[in-house]
Amino acid sequence: MDMMVVREFDPSRDVVGVEEVERSCEVGSSGKLSLFTDLLGDPICRVRNSPAFLMLVAEMGGEIVGMIRGCIKTVTCGERISRRVKNNYSISNKPVPVYTKVAYILGLRISPSHRRMGLGLKLVCQMEDWFRQNGAEYSYMATESDNHASVKLFTGKCGYSTFRTPSILVNPVFAHRVTVSNRITIIKLTPPDAELLYRRRFATTEFFPRDIDSVLENKLNVGTFLAVPRDSLRFGLWAGSDHFLSDPPESWTVLSVWNCKDVFRLEVRGASRLKRTFAKTTRIVDKAFPFLKLPSVPAVFRPFGLYFMYGLGGEGPRAAKMMKALCGHVHNLARESGCGVVATEVANSEPLKLGIPHWKMLSCAEDLWCIKRLGEDYSDGPVGDWTKSSPGLSIFVDPREV
């Protein structure tokens, strides 16, 4: 039997072999719908924009039989109270973020002909060695809750524990434009304004990236959009986030948009001719009579792109309605760019979840995140062992790892 070698991915000679393994792993069951991913010739596209990343391949007899990707970033894992004291009196108690260096594993693939040989475990262990060498305190991964093989590997053999169960919400992009309430004003923020808003109001959200400025300034970031009541801006002019946060309206919401369309494409395969014909008919009717605002099935049976919404937040009794308006605005942007769907991922307990339009048949009610503490010699700090912490109301999903 040939010896297995694990080494770093070499883009000059490994692309074809990696793509062959990807294709062999995405063969769906007969008669069932399957989701295929086209990485557009760039196997590391899903980690390339992270602060630090690595891709490893497993090779046997000169043939690539497996791979794994990983990246490292600094994120919020909790909060502590910062007390400002003047003349021996406490004048403010402000929550501030507690950061940790966390690693993320994704894209683990093993060729069907080489499974049950310990390749997955070896790839994970070697990736974790790189994480430790680079100072990561925790490692986590995400998978579908019904992916029993993946869950068994990570929780049964690699020492991970179930951690968070966010929801992936997906909404189709229709042929017609979505109407956005004229009682709401939508403002596109500059990256510095967006950074200020996020750091002031959302820096204590779990998994908030410390380098949020890098995310917002990335070429794949479509923009950050703020929804406020129409009459809340003085003279109808935006005076900047600093001024806004000093006296915000009763209700407001914000989100950012990431262009996944230029990173990868998706395609649903395995649909019957009847289903494909029905979907096409809905699009034809929607396009012919846009004023009817009829929902239509997007063209998901051929390669399509998506816009990903992240950094969702807001305040006030009308926040959910304002979030719905923002999602409508993003739908229209996605429509103009030729995307098939708009997606986001939020905590199950997210208060704004009610305002996010989505189709249940396209969404995943419960994604599964598993986490592991990489070393016992780290200080617990003010948060303690993060793996044992309770979930918060919200979670920040980094679009660079979608």
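Note that the coordinates shown come from a computational prediction; the quantities given were computed from them, not determined experimentally. Basis for what follows: all heavy atoms, side chains included, without hydrogens, waters or symmetry-related copies.
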Note: Glu250-Arg318 ion pair, threshold 4.0 Å (strictly below): no
Quick one: are the ring centres of Trp386 and Tyr140 less than 6.0 Å apart? no
Taking the inter-plane angle between the rings of Trp359 and Phe174 on a 0 to 90° scale, is it parallel (under 30°), tilted (30 to 60°) or perpendicular (over 60°)? tilted
Could you check whether Ser394 and Glu350, counting side-chain N and O atoms only, form a donor-acceptor pair closer than 3.5 Å? yes
Heavy atoms from other residues, nucleotides or ligands near NZ of Lys324 exceed 12 (cutoff 6.0 Å): no
Rounded to the nearest 0.5 Å, how far apart are NZ of Lys188 and OG of Ser256? 10.5 Å
Looking only at side chains, do Ser167 and Lys353 share a donor and an acceptor under 3.5 Å apart? yes
Between Ser389 and Arg164, is the side-chain hydrogen bond (donor to acceptor under 3.5 Å, both in side chains) condition met? List the steps. CA-CA 10 Å; Ser389 65; Arg164 302 291 184 255; 3.0 Å; yes
Quick check on side-chain contact (heavy atoms from CB on, under 4.5 Å): which of Leu56, Val124, Leu119, Thr143 does Leu108 satisfy it with? Val124
Before you tell me yes or no, could you show the steps for Ser139 and Glu128 under side-chain hydrogen bond (donor to acceptor under 3.5 Å, both in side chains), namely the whole-Å CA-CA distance, both residues' side-chain angles and the distance that decides it to 0.1 Å? CA-CA 8 Å; Ser139 172; Glu128 288 180 348; 4.7 Å; no
Any chance the rings of Tyr160 and Tyr138 have centres within less than 6.0 Å? no
Are Glu22 and Arg69 close enough for a salt bridge, meaning some N to O gap below 4.0 Å? yes
Short N-O contact, Arg48 and Glu401, less than 4.0 angstrom: no
Run the ring-centre check on Trp369 versus Phe207 and record whether the distance is less than 6.0 Å. yes
Would you kindly say whether Asp193 and Trp238 are connected by a side-chain donor-acceptor distance under 3.5 Å? yes
Answer yes or no: is there a side-chain heavy-atom contact under 4.5 Å between Ile44 and Phe53? yes
Strictly by modelled atom types, are Lys101 and Asn134 linked by a side-chain donor-acceptor pair under 3.5 Å? no
Arg7 atom CZ, neighbour heavy-atom count above 12 within 6.0 Å: yes
Gap separating the CD1 atom of Ile64 from the CZ atom of Arg109, nearest 0.5 angstrom: 14.5 Å
With Leu312 as partner, the option from Val254, Ile356, Thr253 fulfilling side-chain contact (heavy atoms from CB on, under 4.5 Å) is Ile356
Look at Arg265 together with Glu267 and state whether they make a salt bridge at an N to O cut-off of under 4.0 Å. no
Look at Arg283 together with Asp286 and state whether they make a salt bridge at an N to O cut-off of under 4.0 Å. no
Tell me whether the rings of Tyr198 and Phe396 are parallel (<30°), tilted (30 to 60°) or perpendicular (>60°). perpendicular
side-chain hydrogen bond (donor to acceptor under 3.5 Å, both in side chains) assessment of Lys219 paired with Asn259: CA-CA 9 Å; Lys219 65 180 181 180; Asn259 177 17; over 6 Å; no
Electrostatic pair Asp211-Arg400, nearest N-O below 4.0 angstrom: yes
